[in-house]
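This report concerns only the one structure given below.
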Number of protein chains: 2
Amino acid sequence: MPYDPSEYPSFAVTVDLVVLTVRRHALCALLVRRGEDPYRGQWALPGGFVRADEDLESAAARELAEETGLRTQDAGSWHAGAHLEQLATYGEPGRDPRMRVVSVAHLVLAPDLPSPTAGGDAGSAQWRSASELLGGAGGGTDEGLAFDHARILADGVERARSKIEYSSLAAAFCPPEFTVGELRRVYEAVWGVSLDPRNFHRKVTGTPGFLVPVGGTTTRQGGRPAQLFRAGGASALNPPMLRPEG
Amino acid sequence: MPYDPSEYPSFAVTVDLVVLTVRRHALCALLVRRGEDPYRGQWALPGGFVRADEDLESAAARELAEETGLRTQDAGSWHAGAHLEQLATYGEPGRDPRMRVVSVAHLVLAPDLPSPTAGGDAGSAQWRSASELLGGAGGGTDEGLAFDHARILADGVERARSKIEYSSLAAAFCPPEFTVGELRRVYEAVWGVSLDPRNFHRKVTGTPGFLVPVGGTTTRQGGRPAQLFRAGGASALNPPMLRPEG
DNA sequence: TGAATAGTGTCTGTCAGACAATATGGG
DNA sequence: CCCATATTGTCTGACAGACACTATTCA
């Protein structure tokens, strides 16, 4: 029995990206200014249509590369690339005024980047503090993001906050080699709290497989030189890092 | 600038359901036999096409009601309904031989049901043990599920296993009122382990907001009568229930 | 020397795992 | 009485939070 195309409705499918990084001790998200008609001129999450022969994750990686120049290391490999995972799918009938669009949102965790945007033209992309975007009232400081992107961003930030609790994913915000203090500042920025440096050090160095000491090398950031580590193979963190006030 | 429909490819969007329950001390998933052409006669997850004016979650709830008669209590409300949440989205180009289909999988946790299927005809649906379906070799005992449903099922089971760890969601597998022992048997079935009844009792009754004692009522299941509880408002469980051997 | 950060050690309260003991129903 | 399950209590080891103290570098 062949299938009648009129049997089922037709959808457009997009990928939207919640790209997070830690800059100047704050969790920041990447926004782009829309140059096209729905919500033209407003800020939005990067993203675009999925092509006809393209995997969802490939589409997300392609959009990420096009809009930021970032490469992702797909599976199990560590560093020299951003972490990418599927976040959730948003398909409310009215979310795009043009037509029925289902958006598969993805979450990207990246180390701090030198230029705000390597791929797009300047002024059309920027890092914005997550607390500023999600903060006070329900909308944000400016007119709010295009489409339902404010909600997608909130979901992405919440996913990142909860995921570093029980996984070693916080290292995705750090360069390939980092110190315990740098990792701690990632947790502090993402959670918006202060952590005791002594207890944090004891916890992360005492969890087997979490941190691997790179050659006794050191670096500076102020005081006494610190050991350099890279992320270990352990992706699950047990017992989890406990978020204070939880 | 109006949009040219040829600019973006057209997709069909479906919802697939991973419906889990606990029967006879085993985690079971609901399967339906396909009556239509791709994979006709094979077992598959329940699901269907999303309608043109329908929310994704509404589509999932509708398919669930059509195929099982189960009602879901959407948000924040407890009991007399199954728990439904979005799981993940699968959109590999070749996953459906007919055309490009993106499937938004949902996870449903339901208490044990009297009849295998209330909605469909007999013999076209059945509960199958999850460990049997996912067990030994990569495929399962029979020829395997249609489409990529084996992977979706595996993702759903893994989500359920990890989610009852840090949420009170295990109560979704229980009837509205249940005993501590019944709840423990849910954990044991989903995780496939044995838990110490004494320590489990201390843990769940000691977590504020997790269990609310219903009138001093009791029931039986063998030995001394047990107190009846219903799920409390607390959805997050902190500190989490620790899965043994982790 | 003083400021700043890194790293180690100690103390204490909480909690999970092991398990003894008691309570209460059915056969 | 015997058996099964529920429920309470005790003990112990692991670990998080608080915090004193030492180490090492730069200005």
Side-chain angles (χ1 to χ4, degrees), chain A residues 25 164-166 170 174 177-189 191 193-230 234 236-246, chain B residues 25 164-166 170 174 177-189 191 193-230 234 236-246:
Chain A
H25 211 261
I164 64 173
E165 205 167 344
Y166 54 91
C174 294
E177 300 186 350
F178 53 90
T179 68
V180 172
E182 286 162 357
L183 186 64
R184 176 173 46 83
R185 279 181 279 276
V186 164
Y187 275 93
E188 291 177 334
W191 284 346
V193 298
S194 288
L195 300 174
D196 185 297
R198 288 87 50 111
N199 295 335
F200 183 86
H201 189 282
R202 175 169 43 120
K203 168 81 179 178
V204 296
T205 58
T207 300
F210 190 14
L211 294 183
V212 176
V214 150
T217 338
T218 72
T219 186
R220 62 233 34 171
Q221 129 100 31
R224 163 179 170 181
Q227 290 182 61
L228 282 173
F229 296 88
R230 58 179 180 79
L237 205 48
N238 209 312
M241 182 85 58
L242 290 180
R243 193 173 353 180
E245 155 64 337
Chain B
H25 209 260
I164 65 172
E165 207 167 343
Y166 53 90
C174 295
E177 298 186 349
F178 52 90
T179 68
V180 173
E182 285 162 358
L183 186 64
R184 176 173 46 82
R185 278 181 280 276
V186 164
Y187 275 93
E188 291 177 333
W191 285 345
V193 299
S194 288
L195 300 174
D196 185 296
R198 288 84 52 106
N199 294 335
F200 183 86
H201 188 281
R202 175 169 42 119
K203 170 77 179 181
V204 297
T205 57
T207 301
F210 189 15
L211 293 184
V212 177
V214 151
T217 340
T218 72
T219 186
R220 62 233 35 169
Q221 130 100 33
R224 162 179 172 184
Q227 288 183 62
L228 283 173
F229 296 89
R230 57 177 182 78
L237 204 47
N238 208 310
M241 181 84 58
L242 289 181
R243 193 172 354 179
E245 156 63 334

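Just so it is clear: chains get the letters A, B, ... in the order the sequence lines come, proteins before strands, and each one is counted from 1.
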Taking atom P of C:dA6 as reference, at what distance in whole Å does atom CG of A:L183 sit?
12 Å
Which distance, rounded to the nearest 0.5 Å, do you find between the CZ of A:F200 and the CE of A:M241?
4.5 Å
Of the nucleotides D:dT7, D:dA16, C:dG17, which has the atom closest to the A:L242 side chain?
D:dA16
Residue A:P225, side-chain heavy atoms: nucleotide from D:dT7, D:dT25, C:dA6 that is nearest
D:dT25
For A:L211 and C:dG7, what is the distance between atoms CG and P respectively, to the nearest whole Å?
11 Å
Measuring only between side-chain heavy atoms, which start at C-beta, is B:L228 closer than 4.5 Å to B:T218?
no
Rounded interatomic separation in angstrom, taking CG from A:L195 and P from C:dT5:
15 Å
Can you check the B:D196 CG to C:dC15 P distance for me, whole Å?
18 Å
Of D:dA6, C:dG7, C:dA16, the nucleotide closest to the side chain of B:T179 is D:dA6
To check you understand the geometry: which heavy-atom pair defines the closest contact between B:P208 and B:A234, and what is its length?
O-CB, 4.1 Å
Establish, with yes or no, whether the OP1 or OP2 oxygen of C:dA6 is under 4.0 angstrom from a side-chain nitrogen or oxygen of A:Q227.
no
In residues 197-205 of chain A, which residues come under 4.0 Å of DNA chain C by heavy atom?
A:R198, A:H201
Return the value, rounded to whole Å, for the distance between atom CZ of B:R243 and atom C1' of C:dA16.
17 Å
Verdict with reasoning, A:R185 to A:E182, per side chain to side chain contact (heavy atoms under 4.5 Å, CB included)
CA-CA 5 Å; A:R185 279 181 279 276; A:E182 286 162 357; 4.2 Å; yes
CZ of A:R184 versus C1' of C:dA6: gap in Å, rounded?
9 Å
Out of curiosity, B:E188 CD to B:H25 NE2, how far, rounded to the nearest 0.5 Å?
4.5 Å
Please check the phosphate of D:dC3 (OP1 and OP2 only) for any side-chain N or O of B:R224 closer than 4.0 Å.
no
Please report the shortest heavy-atom distance between B:L237 and B:I164, naming the atom on each side.
CD2-O, 4.5 Å
Minimum heavy-atom separation for A:D196 and A:N199, please, with both atom names.
OD1-N, 3.1 Å
Separation of atom CZ in A:F178 from atom P in C:dT5, rounded to whole Å
19 Å
What's the CG-P distance between A:N238 and D:dC15, to the nearest Å?
11 Å
